[in-house]
2 protein chains.
Amino acid sequence: MSVGSTERGPRVTRPTIVDVAVRSGVSKSTVSNVIRGVSAVSPRLRERVQAAIAELGYRPNGIARQLVQRRTSTLGLFVGDLGNPFYGELVKLFERHAHLHGFTTMVSNTDGSSERETASVDGFLERRVAGLALLQSSGDPALAELLRLESVPAVVVSSHDPSFDSVGVDEEKGVFLAVQHLAELGHRRLAYVTSAYVEERTNRIRHASFAIACVEHGCEQSEPLHLDVDAVLAGAVPAAPEATGFVAANDLTAIALVEALGRQGRSTPDEASVVGFDGIALTALAGVGLTTVAQPLEEMARTGLQLLLDRVGEADGPPRNVVLEPRLVVRTTTGRSGG
Amino acid sequence: MSVGSTERGPRVTRPTIVDVAVRSGVSKSTVSNVIRGVSAVSPRLRERVQAAIAELGYRPNGIARQLVQRRTSTLGLFVGDLGNPFYGELVKLFERHAHLHGFTTMVSNTDGSSERETASVDGFLERRVAGLALLQSSGDPALAELLRLESVPAVVVSSHDPSFDSVGVDEEKGVFLAVQHLAELGHRRLAYVTSAYVEERTNRIRHASFAIACVEHGCEQSEPLHLDVDAVLAGAVPAAPEATGFVAANDLTAIALVEALGRQGRSTPDEASVVGFDGIALTALAGVGLTTVAQPLEEMARTGLQLLLDRVGEADGPPRNVVLEPRLVVRTTTGRSGG
DNA sequence: CTGAAAGCGCTAACAC
DNA sequence: GTGTTAGCGCTTTCAG
């Protein structure tokens with residue numbers, strides 16, 4: 001028989017539903033009924049129970065509930081780098097919506113490592129999460145295979161994956177907008193720039209889209225550049241291709257590129273134009289003024305959660321892949337070719 | 001009697017420890033023993049059990065385990081704004097260390113709202129988190145009172161709170177370094193700048209420290225400025241005091257300030273010098289080159305987790321408050337007064 | 001070294 | 001309406 005402390009305040013063992021039942025002179029079920037607000041309980045009893053709950057400082061044990069219900073209201077989130085404001089913002093929005101639906105989120109920062117991913121999946125699965133959201137993943141096929149095997153609801157957010165439910169922007173369109181913008185400004189020689197801060201699959205599709213868009217706009221493609229962002233942060237001055245227009249795989253890479261070009265004496269937008277991808281709010285500020293292809297973060301988070309909750313709610317059927325529209329935001333890192 | 005599916009692959013009901021026991025012809029306890037790796041189990045049985053586990057694709061149910069053990073290995077994290085890279089980075093580091101210690105983290109983004117905080121505490125408490133980390137909090141005394149009442153281990157990270165275990169930087173020292181730097185550059189008229197993106201308690205202490213440091217360095221204080229960062233992001237041109245040196249309450253505010261000053265035709269560092277606080281990596285890039293007071297994030301996360309785990313491990317005693325050293329990072333938003 | 005049995009705190013039939 | 005009962009899947013004495 002559990003006792004708990006009769007007084008509120010620091011306690012060793014928390015009061016249980018039985019304590020509440022005893023104190024209010026009713027059965028466990030009645031207490032349970034008032035807690036859950038189901039099946040009519042007479043006002044008198046309800047009041048007594050609520051009083052006992054307040055006096056005891058009782059809090060339902062969610063663990064026990066989850067065990068008996070054989071389901072949790074916990075979602076597992078994978079993100080590559082929370083230090084990237086794009087993902088920080090995305091996690092924040094996703095968590096906000098999840099909270100609105102009564103779900104709590106567990107976060108795993110994977111640093112893009114598939115070992116870390118796998119380890120976290122194990123943890124999440126043992127904790128019986130209701131579903132998983134991959135805000136950024138290593139793309140390791142073993143992960144997809146594992147999730148399918150375990151048949152846990154999962155959604156890919158901010159990227160595309162035909163084998164999962166997913167929501168992301170129209171990558172081709174986004175890159176197209178960037179190239180079109182540069183072409184209209186008179187740039188004829190363009191270069192694609194990526195870095196370790198870009199998810200590999202995303203990088204591939206953006207790069208491919210870049211190549212296509214260049215052809216469509218009659219632009220010449222320079223050698224693509226793989227920028228070492230950390231080195232730039234540390235003060236290095238990496239070489240960059242001789243293009244006048246640059247399309248970066250994401251904003252983080254773009255601002256590092258602007259910095260790197262600056263150190264070579266190639267200032268934006270006079271000597272070079274740079275377009276980013278993501279739409280990080282910060283990039284609007286402090287001399288950055290990055291021209292970029294913005295993703296509809298809010299809508300992405302909302303849609304991603306919805307897709308996931310649909311699956312959690314047993315929805316069946318083939319994967320649904322939602323494609324959102326990107327938007328070009330012109331600021332000050334792009335200008336007419338040749339000044 | 002639970003059955004589960006005998007084949008691996010999509011399943012409705014997962015195999016339990018009983019399924020494993022039956023399949024390997026041993027008792028539940030023996031299976032439990034091999035899972036937990038405790039109490040010597042004969043190699044033969046262990047092998048049989050492990051084979052059954054693999055064949056069934058069995059995964060221990062953490063929920064059941066947590067229930068019977070009456071404790072979880074889950075930590076609750078409060079953060080005001082994950083979109084602020086400072087906190088994104090902090091959460092990432094904290095989660096990393098927690099993971100290393102076998103803990104999983106649940107995140108709640110509070111937007112500094114104490115209602116949201118309270119709602120999340122309820123959720124966390126029902127889920128019986130082992131401990132709570134406040135990476136940023138509204139400072140609402142009701143929250144502190146609630147946590148004390150519930151006697152849940154808690155730690156405040158990146159800020160100070162005598163009523164909790166906490167780890168943060170020496171705020172006075174940090175602001176002192178900023179003011180000293182400006183004074184040495186010949187600035188005699190200084191202004192303190194804050195915004196809605198600064199935790200209130202942190203703001204108060206930094207502002208107070210600023211006042212003291214100004215006196216110590218014989219500087220004049222202009223009217224403090226409360227900057228509307230979102231308005232700046234949206235393109236507004238807010239007025240700023242006539243000082244030549246500015247100390248911002250954090251980096252986000254600082255870069256918005258640099259931008260706002262720029263729009264008034266007061267470029268940094270020529271017409272005005274700005275010092276931030278936090279040390280967000282991004283501020284090193286792309287024309288920002290923010291001079292700032294950097295906080296030792298990694299050490300903060302590590303120490304914070306350690307303090308928390310000590311409490312989770314029943315450690316008793318008065319609150320421990322760890323104070324870390326801030327470091328001035330001079331970049332390009334500060335220069336000699338008058339050019 | 002292995003197994004049987006008693007719960008952890010709660011929900012969800014099913015009786016009363 | 002309200003109480004009784006049988007578990008959810010696991011750990012943990014305690015016998016054998």
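These numbers were taken from a predicted model, which means no experiment stands behind them.
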Legend entry - Distance-only donor-acceptor test, S29(A) side-chain atoms vs dT4(D) base atoms, 3.5 Å: yes
Inset, instruction - May I ask you to evaluate whether Q66(B) reaches the phosphate of dC10(D), defined as a side-chain N or O under 4.0 Å from OP1 or OP2? - result: no
Inset, instruction - Using a heavy-atom cut-off of under 4.0 Å over every strand shown, decide if S32(B) touches base, sugar-phosphate, or nothing. - result: base
Legend entry - Shortest side-chain distance from V68(B), nucleotide among dC10(C), dA12(C), dC8(C): dC8(C)
Inset, instruction - Report the distance from atom CZ of R70(A) to atom P of dC8(D), rounded to the nearest whole Å. - result: 7 Å
Inset, instruction - Measure distances between side-chain N and O atoms of K28(A) and base N and O atoms of dT4(D), and say whether any donor-acceptor pair falls under 3.5 Å. - result: no
Inset, instruction - Find the distance I35(A):CD1 to dA12(C):C1' and express it as a whole number of Å. - result: 14 Å
Legend entry - Spacing between I63(A) atom CD1 and dC10(D) atom P, to the nearest angstrom: 14 Å
Inset, instruction - Return no unless some side-chain N or O of T30(B) is found under 4.0 Å from OP1 or OP2 of dT2(C). - result: no
Inset, instruction - Figure out the CD1/C1' separation between I17(B) and dT12(D), and round it to whole Å. - result: 12 Å
Inset, instruction - May I ask you to verify if any side-chain N or O of T16(B) is less than 4.0 angstrom from the OP1 or OP2 atom of dG9(D)? - result: no
Legend entry - Whole-Å distance separating the CZ atom of R128(B) from the C1' atom of dC8(C): 12 Å
Legend entry - Carboxylate-amine/guanidinium contact R116(B) D111(B), below 4.0 Å: no
Legend entry - Euclidean distance, E150(B) CD relative to L147(B) CG, rounded to 0.5 Å: 8.5 Å
Inset, instruction - Output yes when at least one side-chain N/O atom of R36(A) is less than 4.0 Å from OP1 or OP2 of dA12(C), else no. - result: yes
Inset, instruction - Classify the side-chain pair R127(B)/T74(B) by whether it contains a donor and acceptor separated by less than 3.5 Å. - result: no
Legend entry - E89(A) bridged to K92(A) by N-O distance under 4.0 Å: yes
Legend entry - 5'-most by nearest nucleotide on DNA chain C - N33(B) or L67(B): N33(B)
Inset, instruction - Considering only NZ, NE, NH1 and NH2 on the basic side and carboxylate oxygens on the acidic side, decide whether D19(B) and R14(B) come within less than 4.0 Å. - result: no
Inset, instruction - Write down the distance between CZ (R127(A)) and P (dG9(D)), rounded to a whole number of angstrom. - result: 19 Å
Legend entry - Residue closer to the 5' end of DNA chain C, S42(B) versus G62(A) (nearest nucleotide): S42(B)
Inset, instruction - For R48(A) and dG1(D), give me the distance from atom CZ to atom C1', rounded to whole Å. - result: 13 Å
Inset, instruction - Would you kindly give the CG-to-P distance between N61(A) and dC8(D), to the nearest whole Å? - result: 18 Å
